[in-house]
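Note that the coordinates shown come from a computational prediction; the quantities given were computed from them, not determined experimentally.
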Amino acid sequence: MKILLIFTLFLISGGGESERVTGYSGGGVLIKCTYDTGYTSNPKYLCTGSWPCLTKPIWTDAKNEWINSGRFSLFDDTRAAEFWVLIRELTVEDSGTYKCGVDKFGIDIYTPAELNVEEDLSYEKSISVTGHVGGSVNISCKYPQSHKNDPKFLCRRVDTADCNYKTSVKESRKWINEGKLYLHDDGKQIFTVSINSLTEGDSGEYWCGAESDWTSAHGYKVYITRINLRVSGTASASTSPSSPTAQTIETNASTTSTTTMRSSFKTSTGVIFILNSTTVIDIHQCTDHKTNHILNA
């Protein structure tokens, strides 16, 4: 009888095999949790530890707005019957079992997730980039082999949590153009974004990352490298935007994994910045492009 009772509670509580989520020290993860439409009005939360959950880093009954608590944020999207939990400034100590919970009378419903935070010194946690008004910048982010087949994206932080973007790269070795952006995944752990027609308003904090099974019921997004972009002054009058040619794209796809990235477009401002000891990026011109993305601090 006791065994049957425990098993029944386990089913009601929504227990089951944990979703595996991988994050990286200094970055963040955005975990998606779906729920039955009958629970749109119920409070939502994130808890830690084995069942029952006693520690709740964040709990809220607010709907369709970001609620923040320290490094944790939660957004309950009642229209999609799903809520998102963002954990920022990850450390290896954050690894462990988490549960997305729906607060209800009796036994709560939850979805477990096993978070593994890796410390890899070969990946840049933060990059500073300088550009000039009217010019362009190239940003190069290295990503882990485990995300080779996942779509890559660039997002801009607008407030403390929200992160929305216009496009992502779903195929490797292809340039994707969206407004002021050109995005390229070389398929060899280098994701490159060119932002052109810069304005001072483009200054801010950006993140590059990958989305793992985000379209599934319990997917997640991982934020890997923070980019601090500063745009100032004016671009040289001799430079003008130009888009990548077919030859340029082919060259870039085959060379982005080398230690030095040379100018991949028709024109260049001649300004060079170094992201790390092994990668040199040219700041150059492209065509018009646009994005909108965010990750909290």
Side-chain angles (χ1 to χ4, degrees), residues 17-34 44-50 53 55-58 66-75 82-101 110-127 139-157 160-165 168-169 185 189-191 193 205-228 276 293-297:
E17 183 178 354
S18 298
E19 298 293 328
R20 295 189 179 277
V21 177
T22 301
Y24 303 92
S25 180
V29 291
L30 181 69
I31 305 171
K32 179 169 68 173
C33 307
T34 58
K44 312 300 187 304
Y45 62 85
L46 181 75
C47 66
T48 62
S50 57
C53 289
T55 303
K56 299 178 180 179
I58 187 167
W66 281 103
I67 301 299
N68 307 299
S69 177
R71 296 186 298 120
F72 298 83
S73 298
L74 191 153
F75 184 96
E82 63 186 33
F83 67 98
W84 315 324
V85 176
L86 175 65
I87 309 176
R88 303 175 296 277
E89 300 172 21
L90 292 170
T91 67
V92 174
E93 289 72 27
D94 288 322
S95 298
T97 301
Y98 293 79
K99 295 182 179 66
C100 300
Y110 63 78
T111 302
E114 192 70 27
L115 173 61
N116 177 44
V117 180
E118 298 181 0
E119 177 74 69
D120 193 330
L121 299 179
S122 67
Y123 300 108
E124 292 285 347
K125 294 182 180 180
S126 182
I127 295 172
I139 299 171
S140 182
C141 299
K142 185 178 180 181
Y143 59 85
Q145 178 69 21
S146 58
H147 292 289
K148 177 180 179 180
N149 297 321
D150 294 332
K152 316 302 184 306
F153 63 81
L154 181 79
C155 70
R156 182 180 181 181
R157 173 194 170 190
T160 57
D162 195 13
C163 193
N164 299 307
Y165 57 90
S168 62
V169 177
D185 179 6
Q189 299 179 260
I190 297 294
F191 170 53
V193 178
E205 180 180 317
Y206 294 77
W207 285 81
C208 59
E211 46 188 11
S212 181
D213 299 324
W214 182 251
T215 56
S216 67
H218 304 292
Y220 71 96
K221 297 179 182 179
V222 55
Y223 302 94
I224 301 171
T225 301
R226 177 173 57 190
I227 300 100
N228 296 306
N276 53 47
H293 231 285
I294 316 159
L295 175 66
N296 136 345

(message) Is it the case that the side chain of T225 and the backbone of E124 share a donor-acceptor pair, with hydrogens and angles ignored and the cut-off at 3.5 Å?
(response) yes
(request) Using modelled atom types only, decide if a donor and an acceptor are shared between the side chain of K32 and the backbone of W214 within a distance under 3.5 Å. (result) yes
Atom pair [atom1] ([X]) and [atom2] ([Y]), whose distance is rounded to the nearest 0.5 Å:
X	Y	atom1	atom2	value
C47	K99	SG	NZ	5.5 Å
I67	S73	CD1	OG	9.0 Å
N228	R157	CG	CZ	10.0 Å
H218	E82	NE2	CD	10.0 Å
K152	C141	NZ	SG	11.5 Å
T48	F72	OG1	CZ	7.5 Å

Between [X] and [Y], which heavy-atom pair has the shortest distance, and what is it?
X	Y	answer
Y24	I224	CD1-CG1, 4.2 Å
L115	D94	CD2-O, 3.7 Å
P57	S69	O-OG, 3.2 Å
R20	Y220	O-CE2, 3.6 Å
G96	Y98	O-CD1, 3.5 Å
E89	R71	O-NH1, 3.3 Å

(message) Contact between F153 and K221 at the side-chain level, heavy atoms closer than 4.5 Å - yes or no?
(response) yes
(request) For the pair T22 and N116, evaluate side-chain hydrogen bond (donor to acceptor under 3.5 Å, both in side chains) and give the outcome as yes or no after the intermediate values. (result) CA-CA 5 Å; T22 301; N116 177 44; 4.8 Å; no
(message) Does this structure show an ion pair linking E119 with K125, if we count only N-O contacts that are shorter than 4.0 Å?
(response) yes
(request) Let me see the working for Y206 and Y223 under ring pair (Phe, Tyr, Trp, His ring centres under 6.0 Å), right down to the final yes or no. (result) CA-CA 10 Å; Y206 294 77; Y223 302 94; over 10 Å; no
(request) Identify the residue among L154, V169, I227 that makes a side chain to side chain contact (heavy atoms under 4.5 Å, CB included) with V193. (result) L154
(request) Determine whether the side chains of D150 and Y143 contain a donor N or O and an acceptor N or O closer than 3.5 Å. (result) no
